[in-house]
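Ligands are counted one by one from 1 in listed order, and the atoms in each one are counted from 1 as well.
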Amino acid sequence: MEENKEVMSSNFIHSFIDEDISEGGDYYGKKVHTRFPPEPNGYLHIGHAKAVFVNFGTAEKYNGLCNLRMDDTNPTKEDVEYVDAIKEDIKWLGFDWGDRFYFASDYFEKMYDYAIELIKKGLAYVCELNGEQMREYRGDLNTPAKSPYRDRPVEESLDLFERMRNGEFEDGKMTLRAKIDLASGNFNMRDPVLYRINHMHHHRTGDKWCIYPMYDFAHPIEDALEGITHSLCTLEFEAHRPLYDWVVDNISVDSKPRQIEFARLGINNTVMSKRKLRQLVEENYVNGWDDPRMPTICGLRRRGYTPKAIRSFTDQIGVSKVNSVVEYNFLEHCLRDDLNENAKRAMAVLDPVKLVITNYPEGKTEEFEIENHPQNPEMGTRTVTFSRELYIESTDFMEEPFKKYQRLYPGNEVRIKSAYIVKCTGCKKDGNGNVIEVYAEYDPETRGGNTPDGRKVRGTIHWVNAEDCIDAEVRLYDNLFTVSEPDAGEGEFTDYINPESLVVLKGCKLEKCLAEAEKSDRFQFMRQGYFCIDNDSTKENLIFNRSVSLKDSFKKK
Ligand code: ATP
Ligand code: MG
């Protein structure tokens, strides 16, 4: 994957870092150290790829380090399956955390100690308001919040907090709150909750804990303990930054990470929250997290996306402070860019009809050497055989052509790609009027598809030799949703699922070289798009996915 790596384009985060590491800056002489902190409650999606790219890419750019940390402070839903998948996806994208793989839950004991430190300093207290009362006492812009427990003695809070830990109280009975500012204009600073009681099994710590730290308390501690210099996160945390700084400033840690926020990535015609993606999987709208229609990294990988295409996409959309929705087309455009250069060419007939060359000798077979890439001789050539019976696309014949139709119709000449010029002589139909065979005569003088007399042949069609082609299933994909913003409309986002997002074609006829295709191979099937082998494919039952079609609606715009 090394060759895929290009240095990340500069953005506003890098300007901040440049200042921080220059003489007089807060991190002068220090290695830039970032982290990517996914919550292991689902698979990574293309939005995460942006965050992966921002964190790991920035570390790479500054020759620094980036940690991978599972943010598992929330005891619900986390799963080992997700942990493994997240690692696999990040590696596949071409990033490496070295030996710095952590779990936030590993710091639970330390977090507890810091909580005690805050209580002792008079900066935290145990509050007995329940959730409903807490909302009621929250106040508004003109009214400060209130808590009758705010001024309870330190000793009392210490005692209650310990008993919270020991499991003496039921869920929701009390919380530990920071003592900051009940009148703050920033509601995150109105004595935010640091710990809550939650008698729940944790996927790593088991039943050891029944109190769990809140994200806003845990995250800055995790960052500080790991020596993170720059904590790069999405915009929704901007209003939480004062609390992040407050935590780091008030506990005994040596390092003081700086949080910088950037805009989330949104893409149209899809959904991007793990909760919704999980719903699609659990309610069987798709066939698993790696369904090629999913915007997950594993779905995109199965669809045929390359790490290079995804990295190029995340780099080109840029990093800014303004949330925006990127067109799905642009992601596809980035894939085409890569595959146009790197995919081998081949021929595949997706909806076949037989073409019989009536004047071609029976039993004869010819071989043609065809280059695997028109612009790149290094990709070599392959042998394609030609004989009396071929398969062509059924749409490449029309008994009664419409105006400007330049493919096969009685009396018209067409180029059989790289082989010969043939002239259509007619067809045979079944009882229902469906064409079952097309007939043509070839011109032996046109070997290679050239016309020595210079006559013009407009249409060129792809084909395979009926004698040695192979059968395959081909899966075509379209947007998973019929509307641009499925989660912005009325009703459930699942109401907008595109019923034609998956079309399965059986009995497709492929060039025989494709029998040897490897899972990592990428192909351009002439006139059809870019394809790869699907995970379900076997030697006996070949399955190809269309990664993306050829036409680029993005360029046109
Ligand atoms: P989701 O809403 O999809 O569940 P999340 O933010 O809860 O996302 P996390 O596992 O907590 O998911 O995310 C890990 C990191 O990835 C966070 O730093 C988060 O900011 C970032 N991230 C998540 N979604 C996006 C996105 N769409 N664009 C950019 N970064 C994202
Ligand atoms: Mg989250």
Side-chain angles (χ1 to χ4, degrees), residues 8 11 13 34-59 66-74 76-79 81-87 89-90 93 95 97 102-105 203 214-216 218-220 222-223 226 228 230-241 244 257-282 289 294-300 310-311 313-328 330-331 485-487 493:
M8 185 177 188
N11 58 51
I13 294 176
T34 59
R35 87 287 169 266
F36 175 65
E39 189 178 351
N41 60 350
Y43 283 64
L44 297 186
H45 51 60
I46 182 76
H48 291 116
K50 175 174 177 178
V52 166
F53 188 71
V54 169
N55 279 291
F56 281 95
T58 296
C66 181
N67 296 359
L68 174 59
R69 182 198 310 143
M70 296 296 147
D71 206 329
D72 61 350
T73 49
N74 192 347
T76 58
K77 293 168 298 198
E78 275 107 4
D79 198 315
E81 173 197 350
Y82 299 138
V83 173
D84 293 342
I86 289 169
K87 287 170 130 179
D89 287 348
I90 297 173
L93 285 172
F95 294 108
W97 52 88
Y102 303 108
F103 285 91
S105 56
H203 79 126
M214 302 299 287
Y215 182 90
D216 282 342
H219 204 78
E222 296 152 21
D223 284 345
E226 290 177 15
I228 301 304
H230 294 86
S231 183
L232 314 178
C233 63
T234 36
L235 276 187
E236 70 270 22
F237 294 106
E238 194 166 25
H240 298 242
R241 195 192 327 137
Y244 182 100
R258 172 178 185 183
Q259 174 178 303
I260 303 173
E261 311 85 17
F262 61 91
R264 270 180 115 76
L265 165 65
I267 297 190
N268 68 5
N269 290 98
T270 190
V271 291
M272 203 107 91
S273 102
K274 274 180 286 189
R275 186 182 61 75
K276 289 178 183 152
L277 295 174
R278 191 177 325 108
Q279 192 180 337
L280 289 173
V281 174
E282 284 170 0
W289 286 94
M294 291 278 271
T296 48
I297 306 297
C298 55
L300 293 168
I310 295 178
R311 287 178 69 143
F313 170 76
T314 46
D315 196 34
Q316 288 187 67
I317 56 171
V319 180
S320 84
K321 275 272 188 193
V322 187
N323 279 326
S324 65
V325 176
V326 176
E327 283 196 50
Y328 201 92
F330 185 61
L331 180 59
E485 290 178 73
D487 35 15
F493 70 100

Return yes or no for this condition: an N or O of F262 is under 3.5 Å from an N or O of ligand 1.
no

Using a strict threshold of under 4.0 Å (side-chain N to carboxylate O), is an ion pair present between K321 and E238?
yes

Pull out every atom of ligand 1 sitting under 4.0 Å from any heavy atom of A51, numbered as shown with elements.
16 (O), 21 (C), 30 (N)

Just jot down the ligand 1 atoms closer than 4.0 angstrom to any heavy atom of F36, in number order.
15 (C), 16 (O)

Considering only heavy atoms from C-beta outward, does the side chain of F313 approach that of I267 to under 4.5 Å?
yes

Can you check whether E236 has an N/O within less than 3.5 Å of an N/O in ligand 1?
no

Would you say E39 and ligand 1 have an N/O pair spaced under 3.5 Å apart?
yes

Which one of A49, G47, C233, P295 has a non-hydrogen atom at the shortest distance from atom 25 (C) of ligand 1?
G47

Kindly indicate whether the side chain of F237, heavy atoms from C-beta on, has any atom under 4.5 Å from the side chain of S231.
no

Is there a polar contact between ligand 1 and H48, counting only N or O atoms under 3.5 Å apart?
yes

Is the shortest side-chain heavy-atom distance between C233 and R35 below 4.5 Å?
yes

Is any N or O atom of M272, backbone or side chain, closer than 3.5 Å to an N or O atom of ligand 1?
yes

Side chains of I90 and L44 in contact at under 4.5 Å (non-hydrogen atoms)
yes

State whether the side chain of K274 and the backbone N or O of E39 hold a donor-acceptor pair below 3.5 Å, judged by distance alone.
yes

Nearest heavy-atom contact between L300 and P295 is CD1-O, 4.0 Å

If we only count N/O pairs under 3.5 Å, is S273 in contact with ligand 1?
no

Whether the H219 and Y215 side chains hold a donor-acceptor pair (N or O, under 3.5 Å, no angle test) is what I'd like checked.
yes

Side chains of T270 and H45 in contact at under 4.5 Å (non-hydrogen atoms):
no

Should you measure from each heavy atom of L265, which atoms of ligand 1 turn up under 4.0 Å away?
26 (C), 27 (N), 28 (N), 29 (C)

Quick one: does ligand 1 sit under 4.0 Å from the side chain of H45, the backbone, both or neither, non-hydrogen atoms only?
side chain

Within the structure, does K50 bring an N/O atom to less than 3.5 angstrom of an N/O atom in ligand 1?
no

Near T234 (heavy-atom distance under 4.0 Å), the atoms of ligand 1 are 19 (C), 20 (O), 29 (C), 30 (N), 31 (C)

